[in-house]
Amino acid sequence: LDGLNYNNRVNPGGSLRTSDDRNNVQGGVQTMNVNSDIVESIEVFDNNIPAEYGDFSGGVVKANTKSAFEQGKSTFKFDYRGNNSSWVDYHTIYGQDVSKDKEAAELKDIEPEYKKTNLRLTASHQFNDRHGVLVSVSYLDSVISDLSLGETKNSVRRNINTLAKYSYRRGWVDKLDLSLMNAPY
């Protein structure tokens, strides 16, 4: 993200709910939340990855954020998004006959429980035709039931991502963008 390196903890194979995955310990479903409103461009490399990325495993996603100059003179946006398992009804379709497998039959009646709250704030301001600042804060809080080591347990996750970007144009350099990111998980 803007040249800053981070790895994602997602285990794409760790979401199966079958009887043969009792030793499966899933990866985290969230590590970094980038507000899509501030994304300028995305490039995905899954093979022939340029040498400039060096230390990677599996692929590279290169994302660049907008500057305050691309947002407009002054902008402010606040978003709230949430979801809760009590708001839905589940209808699960199984590909195998679970009545023959005792462990799979016990797992089939377990409905996932979750509660997610996502708050996002984005603000940008151009002080003049040379200086601008963009700030983005994303807060995601969730409680999710996971199947791990054959048992259902709730995991609590809190993710706060903050990005501050200073942009300088048409001065002693044509274009300068400085990004500061904090993404504790």
Side-chain angles (χ1 to χ4, degrees), residues 1-15 26-85 87 114-144 146 154-185:
L1 179 69
D2 286 343
L4 302 172
N5 187 21
Y6 70 91
N7 282 325
N8 197 337
R9 295 181 183 95
V10 173
N11 176 7
S15 61
Q26 296 179 357
V29 296
Q30 62 197 33
T31 299
M32 178 116 192
N33 294 321
V34 178
N35 186 344
S36 59
D37 291 340
I38 65 167
V39 174
E40 177 185 36
S41 64
I42 295 176
E43 288 182 80
V44 178
F45 301 99
D46 62 353
N47 58 34
N48 296 328
I49 298 169
E52 68 185 275
Y53 298 107
D55 186 22
F56 67 89
S57 58
V60 172
V61 177
K62 177 184 175 187
N64 293 315
T65 58
K66 295 177 182 177
S67 74
F69 294 96
E70 288 139 354
Q71 292 287 92
K73 184 69 177 161
S74 291
T75 61
F76 179 84
K77 185 174 181 181
F78 178 77
D79 295 324
Y80 167 80
R81 183 176 61 158
N83 202 350
N84 195 318
S85 59
W87 301 346
Y114 56 88
K115 180 180 179 182
K116 288 189 175 187
T117 302
N118 186 218
L119 303 169
R120 295 188 311 182
L121 170 83
T122 305
S124 70
H125 180 69
Q126 290 180 25
F127 297 101
N128 53 39
D129 63 340
R130 291 190 180 186
H131 302 278
V133 174
L134 176 130
V135 175
S136 176
V137 179
S138 178
Y139 172 81
L140 180 61
D141 186 51
S142 62
V143 177
I144 303 170
D146 280 336
N154 284 340
S155 73
V156 178
R157 299 175 181 142
R158 184 163 293 124
N159 191 343
I160 303 169
N161 299 152
T162 306
L163 174 77
K165 187 171 188 176
Y166 167 74
S167 298
Y168 178 76
R169 300 290 186 268
R170 296 177 297 281
W172 52 276
V173 294
D174 290 336
K175 178 180 178 181
L176 175 69
D177 288 313
L178 300 173
S179 297
L180 178 65
M181 178 177 62
N182 185 29
Y185 173 76

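- Side chain of K73 to backbone of Q126: a donor-acceptor contact under 3.5 angstrom is found.
- Scanning for ring pair (Phe, Tyr, Trp, His ring centres under 6.0 Å) contacts around W87 gives an empty result, with sequence neighbours left out.
- A distance of 10.0 Å separates OG in S142 from CG in N118, rounded to the nearest 0.5 Å.
- Atom CG of L134 and atom OG1 of T75 lie 7.0 Å apart (nearest 0.5 Å).
- The environment of D174 atom CG is sparse: at most 12 non-hydrogen atoms of other residues, nucleotides or ligands sit within 6.0 angstrom.
- Between T122 atom OG1 and D79 atom CG the span is 7.0 Å, to the nearest 0.5 Å.
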Could you walk me through whether L178 and Y168 pass the side chain to side chain contact (heavy atoms under 4.5 Å, CB included) test, one step at a time?
CA-CA 9 Å; L178 300 173; Y168 178 76; over 6 Å; no

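- Here the shortest heavy-atom pairing between M181 and L163 reads CB-CD1, 4.2 Å.
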query: Taking it one step at a time, do V61 and I42 satisfy side chain to side chain contact (heavy atoms under 4.5 Å, CB included)?
result: CA-CA 7 Å; V61 177; I42 295 176; 4.0 Å; yes

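- R170 contributes no side-chain N or O that, together with a main-chain N or O of R130, makes up a donor-acceptor pair within less than 3.5 Å.
- Within the 4.5 Å cutoff, the side chain of D129 has no heavy atoms near those of the F69 side chain.
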| said: Before you tell me yes or no, could you show the steps for I144 and K116 under side chain to side chain contact (heavy atoms under 4.5 Å, CB included), namely the whole-Å CA-CA distance, both residues' side-chain angles and the distance that decides it to 0.1 Å? | reply: CA-CA 8 Å; I144 303 170; K116 288 189 175 187; 3.7 Å; yes

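- S74 is linked by a side-chain hydrogen bond (donor to acceptor under 3.5 Å, both in side chains) to H125, counting only residues two or more places apart in sequence or in another chain.
- Between S67 and R169 the shortest side-chain heavy-atom distance falls below 4.5 Å.
- How far CG of L121 is from CZ of F78: 7.5 Å, rounded to the nearest 0.5 Å.
- Between T65 and K165, the closest heavy-atom pair is O-NZ, 2.7 Å.
- The NZ atom of K77 sits 10.5 Å away from atom OG of S136, with the distance rounded to the nearest 0.5 Å.
- The distance from atom CG of N161 to atom CZ of R120, rounded to the nearest 0.5 Å, is 11.0 Å.
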